[in-house]
Each structure stands twice: as C-alpha cells, then as structure tokens.
Amino acid sequence: MGKRTWMALALSLALLAGCGYRTMPAQGEEPAPGGASSAVETAPGGETAMPAQTPEEGVRAVCRVVDGGAEGALILAGEEAGEVYTLDVSALGVEEPLADGMMVEILYDGMILETWPAQFANVLAVRPAEGAAAADRCGLCLQVLADLWEVDAGLNEDITQLGVDLSGFTGLTEGEKAAVAYAFGMEHDILPVMGTWEELAEQGYIDRENLYWEDGCLFSITGETGKFDAQKWRSGLGAYFFLDYTASMEQDGTWTYTVGGEAIA
C-alpha cells in the first residue's frame, strides 16, 4: 500500500468518528423524506436491511482520476470543489486498467462518507466512462508543482503548512483543483490549504506586514492549459518563478511542456 493510501486512510479514520452519510437515490428512483433512499427492506424481527444490488442497479457517479491510477489508490474529482474522493480499487477486480487523467464511472449503493476527502461507502463496480477521452491536465499541474518543489528547495524544506492557489488557472474544474492540491499535499505529508495570497494573509497564515510565511510556502499556477506561469512564495525576498510555460497534449492524454524563463526573488 503506497504512502498516499496510508495518508488518506489515516485522515479518514481520524474523521470517521464524527462523520455521517450522504445518500443519493438511484437513477429513476424517488428520494425518500430526508434525502435517504426508499429502497429498503424489512427483515424478520423488524430489522431494516438494504437489498443486494448489482452494478447496474447502483447509483452512478462519473469522476476524473487525478492521481493513483497505476497503483489503484485513486484520488478522484468531480465538478464542484467539494467533490474530491479517495478510493482503493485493488480489491474490486477492475477488469480494465485505469490511468491518471481517465474519466471513470463508479457504481455504488448511494451512500457517501462525509470525510475529507469523501469516500463511497459501498462500491459495486469501477470502469472507464464510455466516450470520455483522457486529458491529464491534473497530471500536468502536479508535475509543474513537483518541479517547483524541487527547485530552490530551501524555500520549502522545513515547512509544516502548504498553500496551493489554482484560482487563476482555467484548465480544471473546481473539484479537480481541490483534488490536485490534496494529491500534492499528500506527496509531502501535509494537508494543504487552498487560497490566494490575500486570502491566506487574511486567514493569518501569511504575515502581511513582514511579507513572510513562517511555517509555509504558497505554490500557484496561473493562465490556461497551453500557456501559463507558476511560482512558489515564502517571503518578499524568497520566491521562485517559472515563466511562459508552453504545453501540448499527446495522443494518450499526457502533456509535455517547455519553460520560457525562470526568475528568483
């Protein structure tokens, strides 16, 4: 089991005691009062039990594989900022190989654990979504962030807080941005915070007066998928910039890129 899987599992267990469930009705089924599915049976003795479901009867969710496709410890994203999920598919017997950037269809019983990231409570099947081409823009962002982490490593070698700002990057959904930030943080065993420089200063992470983040570093990407800039910022005198990225997508959905210039503060 990889590091990301252990980190996600530890975080989930820490939150599990206070977590609840969200329920979603199956396609074509009317939701019961309170939002719970009405598809329940009463067992002998008055106990309530969920009927056995086949994959075709399950609730359908379509997500992008942001990271972990090769290992099976998936970080998944939907459209909205809160739609970030972790899912270990190693025991599910997935018939077709999964890859980062792929859109996948998750069939489950309608219950979602309200942890962070969220988890599908009972997965019936996972398979590539039909007609959805892979376009690993999330992988492009993760590679750029990894490059930033390595260059001038002294700016981030001792941090205990990690800021990620993708608000100025137009190539991802809000869910994908949040999932990229989470995957990047898990690479370095730090649960990230998302926000602009101004927002993080307002929240007390960054010392606005002295232009310094004592315990953290802010990583950001701005622009569009094919043309963008990236930087990491620790202080007014401690920052590194990658300028004028030019990126292009290969036929398999992966990306290659060049950097037009670099700068340091």
Side-chain angles (χ1 to χ4, degrees), residues 1-12 24 26-27 53-113 115-146 166 171-188 192 225 247-257:
M1 183 178 292
K3 178 173 68 177
R4 297 192 191 93
T5 304
W6 282 114
M7 288 297 298
L9 179 59
L11 179 62
S12 299
M24 296 179 64
Q27 291 179 333
Q53 289 180 292
T54 65
E56 288 70 24
E57 295 171 332
V59 176
R60 176 178 179 269
V62 177
C63 298
R64 188 176 299 280
V65 179
V66 172
D67 200 18
E71 300 85 1
L74 306 182
I75 297 175
L76 302 166
E79 291 287 328
E80 304 299 325
E83 295 180 327
V84 179
Y85 309 92
T86 55
L87 175 60
D88 187 348
V89 299
S90 58
L92 293 178
V94 178
E95 296 181 0
E96 298 183 58
L98 304 180
D100 295 347
M102 177 183 290
M103 298 296 291
V104 293
E105 181 181 68
I106 299 100
L107 296 164
Y108 67 109
D109 68 352
M111 306 291 286
I112 295 178
L113 290 174
T115 56
W116 178 257
Q119 300 174 75
F120 300 100
N122 184 23
V123 176
L124 307 172
V126 178
R127 57 200 182 200
E130 292 185 10
D136 196 12
R137 296 180 181 88
C138 296
L140 170 63
C141 288
L142 285 170
Q143 185 56 57
V144 170
L145 293 171
L166 300 176
L172 306 179
T173 69
E174 292 305 308
E176 289 167 349
K177 291 176 183 180
V180 165
Y182 176 76
F184 180 48
M186 291 303 95
E187 278 289 333
H188 305 289
T225 307
S248 58
M249 188 175 71
E250 306 296 327
Q251 288 187 348
D252 63 357
T254 60
W255 293 79
T256 58
Y257 56 85

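Residue numbers run from 1 in the order of the sequence given.
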* Would you sort out whether Val180 and Leu145 count as a side-chain contact (heavy atoms from CB on, under 4.5 Å), showing the intermediate values? => CA-CA 10 Å; Val180 165; Leu145 293 171; 3.9 Å; yes
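- Minimum heavy-atom separation, Gly78 to Thr173: O-OG1, 3.0 Å.
- Side-chain contact check for Gln143 versus Trp255: every heavy-atom pair is 4.5 Å or farther apart.
- Classified by interplanar angle (parallel below 30°, tilted 30° to 60°, perpendicular above 60°), the ring pair Tyr182/Trp116 is perpendicular.
- The distance from the CG atom of Leu113 to the CZ atom of Phe120 is 10.5 Å, given to the nearest 0.5 Å.
- Contact detail for Ala247 and Leu140: the closest heavy-atom pair is CB-CD2, 4.2 Å.
- By the 4.5 Å heavy-atom criterion applied to side chains, Cys63 and Ile106 are counted as neighbours.
- Across every non-hydrogen atom of Val66 and Ala77, the tightest pair is CG2-CB, 3.7 Å.
- Remark: Asp88 CG to Gln119 CD distance equals 10.0 Å, nearest 0.5 Å.
- Scored by the salt bridge (Lys or Arg N to Asp or Glu O under 4.0 Å) test, Glu105 finds Arg60, Arg127 as partners (sequence neighbours excluded).
- In this structure Thr254 satisfies the side chain to side chain donor-acceptor pair (under 3.5 Å) test together with Asp252, sequence neighbours excluded.
- Ion pairing between Arg137 and Glu176 fails under the 4.0 Å rule for side-chain N and carboxylate O.
- Using a 4.5 Å cut-off on side-chain heavy atoms (C-beta onward), Cys138 and Asp67 make no contact.
- For the pair Met103/Val62, a side-chain contact is recorded, criterion being any heavy-atom separation below 4.5 Å from C-beta on.
- Counting all heavy atoms, side chain and backbone alike, Val126 lies closest to Val94 at O-CG1, 3.7 Å.
- The two atoms that bring Glu79 and Glu83 nearest to each other are N-OE1, 2.7 Å, heavy atoms only.
- Between atom SG of residue Cys141 and atom CG of residue Leu172 there is a gap of 4.5 Å, rounded to the nearest 0.5 Å.
- No more than 12 heavy atoms of other residues, nucleotides or ligands lie within 6.0 Å of CD in Gln251, so this atom counts as exposed by the packing criterion.
- Residues Leu107 and Val123 are not in side-chain contact: their nearest non-hydrogen atoms beyond the backbone lie 4.5 Å or more apart.
- Here the closest non-hydrogen pair linking Asp100 and Gly68 is OD1-N, 3.3 Å.
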* **Worked verdict on Thr86 versus Leu74 for side-chain contact (heavy atoms from CB on, under 4.5 Å)** => CA-CA 6 Å; Thr86 55; Leu74 306 182; over 6 Å; no
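- Within the 4.5 Å cutoff, the side chain of Leu87 has no heavy atoms near those of the Tyr108 side chain.
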